[in-house]
Amino acid sequence: MKYLPFGSTGVFLSEIGFGAIPIIRLSFEEAGRVLRKAYDSGITLFDTANAYHDSEEKIGRELSSVRDKIFLATKSMKRDGKTVSEHIDLSLRRLQTDRIDLFQFHQVATEKDWQTISGPGGAMEAALKAQADGKIRFIGITSHSLAMAKKYVESGLFVSIQFPFNFIETEAAEELHPLARKKNVAILSMKPFAGGAITDASLAFKFLRSHESLFPIPGYDSVESVEQVVSFYDSPNRVNDNDLEAMESVKKEIGGEFCRRCEYCQPCPSGVAITQGMIYPLLASRMSPVVASEFASKGMDTIPECAECGLCVKKCPYTLPIPAMLKKHYALYKSHRSGKEGV
Ligand code: SF4
Ligand code: SF4
């Protein structure tokens, strides 16, 4: 395992991290084995979120004994200072630690959210206070909006930017990555498997490893999946013409119905939580139907409000058939809610 400088922090971290969504669907014992395997394999960067069900607790339970050897990253979706302060304390308790190494504002995709976070009484004030109190070491941000992500990097306020990057979603390589490197902001690459749309792990990592100074954070749901990903990093990387062809063919296959979670389609005049509805099947495959249907219920229950006005389709750069996809995903969600499809 190689260890790379994490932006301007002075900290060196494993060149691959641990994304902690998939351990949600494991028992505490199974999750513990997977986390331990990752740690024993040299992974030092563990990324979770306060919204990821019991993921923080699982990490705290298994890795508190090696706390000083790992780098803990977590996030909050809240934008106001009061709730973010509470979330930081909650994460500290769940993670069984006295400090969070990287606290991130989670999925900040709109100017409105950013204004709330950075305004008076907003989440940034709370994070800076927590940093002054020693509860968090560094502050980062995550987003699926390219324009907003570039703005955060430019702001100089964050040590890291977390943004999707995989061979289907390559947009970040054009401007965001060069900008972050120039500003010495660490790049966390979320969704190395495009949220489950890429099933060939070898291909996924061949692509990622051909880009310098990235910290991909794949999710793992078994000891074998840790061994597999780590083995890619232990061997030389070569992307050949066959690989490029295979990547193109995956892109073609899913291109017509793949939501990038960029949120350009928002807001919906009828109040539909479009992105949540669009990514629901992938979420369910990563979390488990039971957990995902509970986790996403607030957004999914807005789908029946869709008046099929077509406004979102006009705004989507990928012209996805949003209303039809929402209907299909809502039917899946309802079947999960009623327990018709297994865990
Ligand atoms: S088609 Fe439906 S989801 Fe899209 S903007 Fe109109 S009401 Fe909202
Ligand atoms: S539906 Fe289109 S615009 Fe909306 S989040 Fe998905 S890819 Fe982006």
Side-chain angles (χ1 to χ4, degrees), residues 21 49 51 75 77 79 105-114 141-152 161-177 188-198 204 247-248 250-287 292-293 295-334 337:
I21 291 183
K75 335 177 178 75
M77 302 274 299
R79 310 313 189 204
F105 301 121
H106 195 170
Q107 175 48 333
V108 188
T110 64
E111 184 60 37
K112 185 170 164 254
D113 273 3
W114 174 237
I141 191 161
T142 88
S143 184
H144 287 83
S145 160
L146 196 56
M148 295 305 288
K150 283 191 270 183
K151 180 170 177 160
Y152 305 142
I161 180 75
Q162 185 169 157
F163 193 84
F165 190 57
N166 53 67
F167 68 76
I168 297 171
E169 298 169 277
T170 56
E171 296 84 355
E174 287 161 29
E175 289 178 39
L176 180 63
H177 288 176
L188 288 160
S189 293
M190 62 166 119
K191 315 266 181 321
F193 302 118
I198 298 171
M247 288 177 201
E248 277 312 309
V250 174
K251 278 203 252 186
K252 262 193 208 132
E253 214 173 280
I254 62 150
E257 286 212 340
F258 183 68
C259 170
R260 266 88 170 163
R261 304 160 298 259
C262 59
E263 306 212 336
Y264 294 135
C265 51
Q266 315 264 19
C268 160
S270 302
V272 176
I274 303 173
T275 315
Q276 181 98 75
M278 293 295 279
I279 64 164
Y280 181 74
L282 289 174
L283 193 72
S285 72
R286 295 173 80 207
M287 284 186 164
S293 60
F295 175 82
S297 63
K298 199 168 159 217
M300 293 306 287
D301 286 335
T302 63
I303 292 178
E305 300 305 317
C306 174
E308 302 194 24
C309 69
L311 188 67
C312 54
V313 181
K314 282 190 205 139
K315 289 194 278 183
C316 173
Y318 310 98
T319 55
L320 299 183
I322 298 172
M325 286 177 72
L326 290 177
K327 254 191 202 168
K328 198 165 66 179
H329 298 174
Y330 184 70
L332 180 69
Y333 159 74
K334 287 305 270 185
R337 277 309 250 180

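Counting starts at 1 for both ligands and their atoms, in listed order.
- Atom-to-atom distance recorded for Met278:CE and Met325:CE is 3.5 Å, nearest 0.5 angstrom.
- Of all protein heavy atoms, the one closest to atom 6 (Fe) of ligand 2 is Cys259 SG, 2.4 Å.
- Atoms of ligand 2 lying under 4.0 Å from any heavy atom of Arg260, numbered from 1 in the order shown and given with element: 6 (Fe), 7 (S).
- Side chain of Ser293 to backbone of Tyr333: no donor-acceptor contact under 3.5 angstrom is found.
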May I have the step-by-step check of side chain to side chain contact (heavy atoms under 4.5 Å, CB included) for Ile303 and Gln276, ending in yes or no? CA-CA 10 Å; Ile303 292 178; Gln276 181 98 75; over 6 Å; no

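- Annotation for Gln266 and Lys315: closest pair O-NZ, 3.3 Å, computed over non-hydrogen atoms.
- A donor-acceptor distance shorter than 3.5 angstrom exists from the side chain of His329 to the backbone of Gly277, with no hydrogens or angles considered.
- Closer than 2.8 Å to atom 2 (Fe) of ligand 1 sit the protein N, O or S atoms Cys306 SG.
- Residue Lys327 qualifies as open at atom NZ: its count of foreign heavy atoms under 6.0 Å is 12 or below.
- A search for side chain to side chain contact (heavy atoms under 4.5 Å, CB included) contacts involving Lys151 returns Glu111, Trp114, Met148, not counting sequence neighbours.
- What sits closest to atom 8 (Fe) of ligand 2 on the protein, heavy atoms only, is Cys262 SG, 2.3 Å.
- Of all atoms in ligand 2, numbered sequentially from 1 with element shown, those under 4.0 Å from a heavy atom of Cys265 are 1 (S), 3 (S), 4 (Fe), 5 (S).
- With hydrogens and angles ignored, the 3.5 Å screen pairs a side-chain donor or acceptor of Thr302 with a backbone N or O of Ala273.
- Of all atoms in ligand 2, numbered sequentially from 1 with element shown, those under 4.0 Å from a heavy atom of Glu263 are 5 (S), 8 (Fe).
- Counting heavy atoms under 4.0 Å from ligand 2, residue Lys315 does not touch it at all.
- Residue, atom and distance of the protein heavy atom nearest to atom 2 (Fe) of ligand 2 are Cys316 SG, 2.4 Å.
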Check the pair Lys150, Glu175 against salt bridge (charged side-chain N to carboxylate O under 4.0 Å, His left out), reporting the backbone distance first and the verdict last. CA-CA 8 Å; Lys150 283 191 270 183; Glu175 289 178 39; 3.0 Å; yes

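- Side-chain atoms of Tyr152 never come within 3.5 Å of backbone atoms of Ser143 as a donor-acceptor pair (strictly under, hydrogens ignored).
- Each of the atoms 3 (S) of ligand 2 lies under 4.0 Å from some heavy atom of Pro317.
- Using a 4.0 Å cutoff on heavy atoms, Pro269 counts as a contact of ligand 1.
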